[in-house]
Amino acid sequence: MGRLDNITLVMVFHPQYLESFLKTQHYLLQTDGPLPACYQHYIGIMAAARHQCSYLVNLHVNDFIQSGGDQKWLNGLENAPLKLRNLGELNKLLAHRPWLITKEHIEQLLKTGEHSWSLAELIHAVVLLAHYHSLASFTFGCGTSPEIHSDGGHTLRPPVGNGCICDIANGNHGGDDSRQTAGVLSSDSSCEVEVLMERMKQLQECRDEEEASQEEMATRFEREKIESMLAFAAEDEDPPPAKEVSKHFEDTRYGYKDFSRRGMHVPTFRVQDFSWEDHGYSLVNRLYPDVGQLLDEKFHIAYNLTYNTMAMHNHVDTSTLRRAIWNYVHCMFGIRYDDYDYGEINQLLDRSFKVYIKNVVCSPEKTTKRMYDSFWRQFRHSEKVHVNLLLMEARMQAELLYALRAITWYMT
């Protein structure tokens with residue numbers, strides 16, 4: 001349609017990441033892969049619908065039609081081929097409770113038959129599902145507005161204070177990337193950055209002086225995992241998803257549930273036993289050439305991206321903070337790094353930030369502008385978009401780790 005979509009307009013704050021993101025997405029959707037184009041876009045619809053992300057659903061409905069897809073499939077999942085319908089269970093678990101995926105789920109999809117999947121097709125599908133689940137997190141996390149040709153889309157600037165993320169998404173941002181809080185900042189807000197920087201400095205100094213035992217490190221991880229369950233904002237009963245979105249997936253009431261609710265226990269996933277770098281990367285690259293490399297580059301750019309700034313401060317080493325954000329996301333999925341001290345998370349991420357992270361990553365459709373405004377009140381919009389890039393990629397890697405581990409179990 002001769003213009004950039006709103007997601008790109010938000011990501012453009014970080015051009016190095018955007019280039020990697022677009023290159024990966026182009027490869028997944030535009031080049032000849034194991035799956036035909038109409039399947040690729042329909043899987044995008046299925047994945048986005050699980051989080052009620054009408055923005056992404058609408059984008060892929062258009063792409064699905066343009067790729068020659070059968071429009072009857074758009075009337076509901078029951079009208080799609082059985083092969084795609086069979087993917088529904090994996091889509092559901094991957095989006096909401098990936099720790100429940102077993103080799104039996106993989107076996108069910110790969111067993112010989114008319115509607116079975118090949119390993120290469122399944123890897124393509126898994127990467128697409130994880131890509132669009134995490135992109136739904138980014139879309140809701142940044143409050144991305146609908147496209148101008150969709151319901152609710154607009155190009156006019158809403159009458160709000162110093163600019164909000166919906167202005168940015170519609171290309172109305174000024175060059176100064178002004179902070180979102182208009183007027184005089186409260187004393188709490190104005191010292192927020194200095195307190196955070198001081199804690200980062202102290203942690204870096206203490207790390208050199210003393211190291212906790214492995215038992216203590218494991219205890220801190222379990223404590224943080226349990227505390228992460230309490231990080232949801234108070235909420236009313238979930239409203240049912242809109243029919244236009246819910247028709248693309250089954251079991252509409254199925255959502256994120258914490259590990260230990262009702263006595264359920266999920267074993268900790270130790271990265272030392274199965275990691276992206278040592279296991280996932282090579283498996284993806286073997287079955288879907290070049291995609292492992294593209295994903296690896298994208299993960300590394302998101303994880304290492306820094307401008308050495310925090311709000312109005314320059315020449316700041318933000319590595320401690322970035323690692324805490326990434327590891328907190330993985331902690332919520334039960335994933336543990338043996339060499340990381342999870343006590344750092346509580347010192348660097350306050351409750352309002354944890355609530356925001358938990359919602360964006362686990363139930364993005366429940367994310368509100370109030371949550372976005374309530375954390376890091378003195379930081380720039382571009383820095384909050386940067387946070388969302390970290391959340392999106394950490395979530396995608398977590399989903400892939402669980403799915404690829406199950407595929408590895410099946411293969412061995």
Side-chain angles (χ1 to χ4, degrees), residues 8-21 138 141-143 160-165 167-169 171-209 297-329 340-341 343-354 356-357 360 371-394:
T8 302
L9 288 170
V10 177
M11 286 186 185
V12 81
F13 274 129
H14 305 285
Q16 184 190 4
Y17 174 84
L18 176 61
E19 181 183 7
S20 178
F21 173 85
F138 182 85
C142 292
V160 294
N162 251 0
C164 72
I165 207 70
D167 300 333
I168 297 165
N172 296 321
H173 56 85
D176 63 347
D177 177 23
S178 43
R179 295 164 188 82
Q180 78 274 12
T181 309
V184 180
L185 291 161
S186 69
S187 58
D188 283 351
S189 175
S190 60
C191 69
E192 182 181 41
V193 185
E194 285 75 13
V195 170
L196 184 52
M197 287 175 61
E198 182 58 32
R199 286 178 180 168
M200 288 162 58
K201 184 182 173 187
Q202 288 173 358
L203 285 172
Q204 285 163 344
E205 289 170 353
C206 292
R207 196 182 295 146
D208 297 334
E209 293 171 11
E297 287 174 9
K298 189 159 63 81
F299 290 147
H300 274 93
I301 288 171
Y303 187 87
N304 294 311
L305 185 66
T306 182
Y307 306 95
N308 298 113
T309 60
M310 283 182 66
M312 71 295 294
H313 297 277
N314 298 316
H315 312 296
V316 182
D317 179 358
T318 61
S319 57
T320 305
L321 182 58
R322 284 181 279 117
R323 191 180 186 195
I325 294 169
W326 185 279
N327 287 359
Y328 183 60
V329 172
Y340 182 69
D341 181 358
E344 293 187 8
I345 289 174
N346 262 346
Q347 298 192 55
L348 297 175
L349 313 183
D350 64 22
R351 175 164 171 76
S352 63
F353 193 15
K354 284 183 171 182
Y356 178 77
I357 292 173
V360 168
M371 292 176 198
Y372 177 91
D373 289 339
S374 67
F375 83 94
W376 284 12
R377 288 162 293 173
Q378 206 179 2
F379 285 70
R380 300 166 187 262
H381 280 307
S382 60
E383 290 170 310
K384 292 196 173 190
V385 172
H386 188 175
V387 165
N388 275 278
L389 297 180
L390 274 171
L391 303 185
M392 172 170 65
E393 294 300 337

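Relative ring orientation between Y372 and H381 is described as parallel, the plane-to-plane angle staying below 30° on a 0-90° scale split at 30° and 60°.
If you take CZ on F299 and CD on E393, they are separated by 5.5 Å, rounding to the nearest 0.5 Å. The distance from the CG atom of N327 to the CG atom of L348 is 11.0 Å, given to the nearest 0.5 Å. In this structure, M11 CE and N388 CG are separated by 9.5 Å, a value rounded to the nearest 0.5 Å. Residue R322 holds its CZ atom at 7.5 Å from CG of L305, rounded to the nearest 0.5 Å. Of the inter-residue distances, the one linking Y307 atom OH with S382 atom OG reads 7.5 Å to the nearest 0.5 angstrom. With rounding to the nearest 0.5 angstrom, the CE atom of M392 is 8.5 Å from the SG atom of C142.
In the displayed structure, E19 atom CD is contacted under 6.0 Å by at most 12 heavy atoms of other residues, nucleotides or ligands.
Between the N308 side chain and the V316 main chain, a donor and an acceptor come within less than 3.5 Å of each other. Although no hydrogens or angles enter the test, the distance criterion places no donor-acceptor pair under 3.5 Å between the side chain of S20 and the main chain of Y17. Side-chain atoms of Y303 do not come within 3.5 Å of backbone N or O of R323 as any donor-acceptor pair.
Inter-residue side-chain proximity for E194 and H313 is flagged as met; some heavy-atom pair is nearer than 4.5 Å. The closest side-chain heavy-atom distance from W376 to V387 is below 4.5 Å. Looking at heavy atoms from C-beta onward, D350 lies out of side-chain contact with L196 at the 4.5 angstrom threshold. When side chains are defined from C-beta on, F13 does not count as touching E383, because their heavy atoms never get closer than 4.5 Å. In this structure, L321 and M310 have side chains that are in contact, with non-hydrogen atoms separated by less than 4.5 Å. Within the 4.5 Å cutoff, the side chain of K354 has heavy atoms near those of the I345 side chain. Between F21 and L389, every side-chain heavy-atom pair lies at or beyond the 4.5 Å cut-off.
Applying the side-chain contact (heavy atoms from CB on, under 4.5 Å) test between F138 and each of V10, V360, L391 identifies V10 as the sole match.
Take D317 and apply the side-chain hydrogen bond (donor to acceptor under 3.5 Å, both in side chains) test, not counting sequence neighbours, and it matches S319. Here T306 pairs with T318 under the side-chain hydrogen bond (donor to acceptor under 3.5 Å, both in side chains) rule; sequence neighbours left out. The ring-ring contact (aromatic ring centres under 6.0 Å, His included) check on H386 picks up H14, with sequence neighbours excluded.
Residues K384 and F375 share a closest heavy-atom pair of NZ-O, 2.6 Å. The nearest pair of heavy atoms linking S352 to S374 is OG-O, 3.4 Å. Residues A302 and L390 share a closest heavy-atom pair of O-CD2, 3.4 Å. Closest of all the heavy-atom pairs between L349 and A324 is CD1-O, 4.1 Å.
Side-chain atoms of T320 and Q204 form a donor-acceptor pair, as typed in the model, at a separation below 3.5 Å.
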Could you go step by step and tell me if M312 and Q378 meet the side chain to side chain contact (heavy atoms under 4.5 Å, CB included) rule? CA-CA 9 Å; M312 71 295 294; Q378 206 179 2; 2.8 Å; yes
